[in-house]
Amino acid sequence: MTTSSSKLNSNSTVLWTQTQAELLARRDPTDRLSFTPTAPFPGLTLIGGVDISYPRNTTSTAIVALTILSYPSLTQLYLQTHQIPITEPYISGFLAFRESPAYLAAFASLRTNNPELWPQVVLVDGNGTLHPRRFGSACHLGVELDIPTIGVAKNLLYMEGMTVDAKELKHMFKEDKTLGGVGIGVNGDVCAMAVRPTAGEGATNPIFVSPGHRVSMQTAVELVRCCSRYRVPEPIRVADLHSRVVVRQLEEELEASVSAK
DNA sequence: GCGACAG
DNA sequence: ATCTTGTCGC
């Protein structure tokens, strides 16, 4: 008798759904911040960003990058990568179970080596409340660390009950050049904002911002706008670019070790 | 019914 | 996420 991997995945999914429900009970949807939750955010000086890049031809390991930028200058104060084992597959709606361990390792290192740079808010590459169970990876990391987080996704996660789809949104931003953002409702809740990328009126491909933990929708959007020079806000952009550089190095090392034997 | 599904 | 070149435009 054989055991199919899809069967294993669906079993994990049941447990993971339960875990998400438990952690959701600990999520704080309000502004519980160490700075004033209104632009230009007096008191805010340290903002974090995290992202993960995966090497081609390998599924067991990845590179996580954590960066800390000063605010409002967006100067890079810290940028560290870690090679982390990846044990779980990517399953839509359960991204945190794949990536959160890597994030936790990165933050553990920061706490040990540069505790003075512990961020006041963290931008996460993924969704917050824009999620089938209102608990995306940004919420997950936020609750685990009890740190304010904001989810920023480059693509729309489709789910039942959504008021708009990606194509409609693109149309709306194209039609109305002054449109800055569109609320994304799911079964009566506005759980995200499609935000027109900063850098002009011509851009029509939005980013999707949703609160993670200890941040309101309003504050999340405002803050993302305030640290965006390009489509992707700086903290995530810096982490993304650097993790990609390091992933290339890892790929070369892997190639070398193969040809060496 | 088919397709759409963060990274 | 990753595989991938040039190209149109500011």
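Per chain, numbering begins at 1; letters A, B, ... match sequence-line order.
In summary, the side chains of A:S100 and A:E144 do present a donor paired with an acceptor at a separation below 3.5 Å, with no hydrogens or angles considered. Counting only N and O atoms by type, the side chains of A:T58 and A:T61 include no donor and acceptor under 3.5 Å apart.
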Could you run down the sub-3.5 Å N/O contacts of the protein with nucleotides 3-7 of chain C?
from  : atom 1 : to     : atom 2 : distance (Å)
C:dC3 : OP1    : A:R248 : NH1    : 3.4

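Using a 4.0 Å heavy-atom cutoff across all strands shown, A:Y90 reaches at least one base atom of the nucleic acid. A:F97 comes within 4.0 angstrom of no nucleic acid atom, judged by non-hydrogen atoms across all strands.
Phosphate contact (OP1/OP2 of B:dG7, side-chain N/O of A:S92, threshold under 4.0 Å): absent. Neither OP1 nor OP2 of C:dA1 sits under 4.0 Å from any side-chain N or O of A:R98.
Contact check on A:R196 versus A:D176 returns no salt bridge, with no Lys/Arg side-chain nitrogen under 4.0 Å from an Asp/Glu carboxylate oxygen. Using a 4.0 Å cut-off between charged side-chain N and carboxylate O, A:E251 and A:R248 make a salt bridge.
Between A:W16 and A:F94, the angle of the ring planes lies from 30° to 60°, which puts this pair in the tilted group. The aromatic rings of A:F135 and A:H140 sit tilted relative to each other, their planes meeting at an angle between 30° and 60°.
A heavy atom closer than 4.0 Å to some atom of DNA chain B occurs in A:A153, A:K154, A:N155, A:L156, A:L157, A:Y158, these being the qualifying members of residues 151-165 of chain A. Near DNA chain C, defined here as any heavy-atom distance below 4.0 Å, there are no residues from residues 127-143 of chain A.
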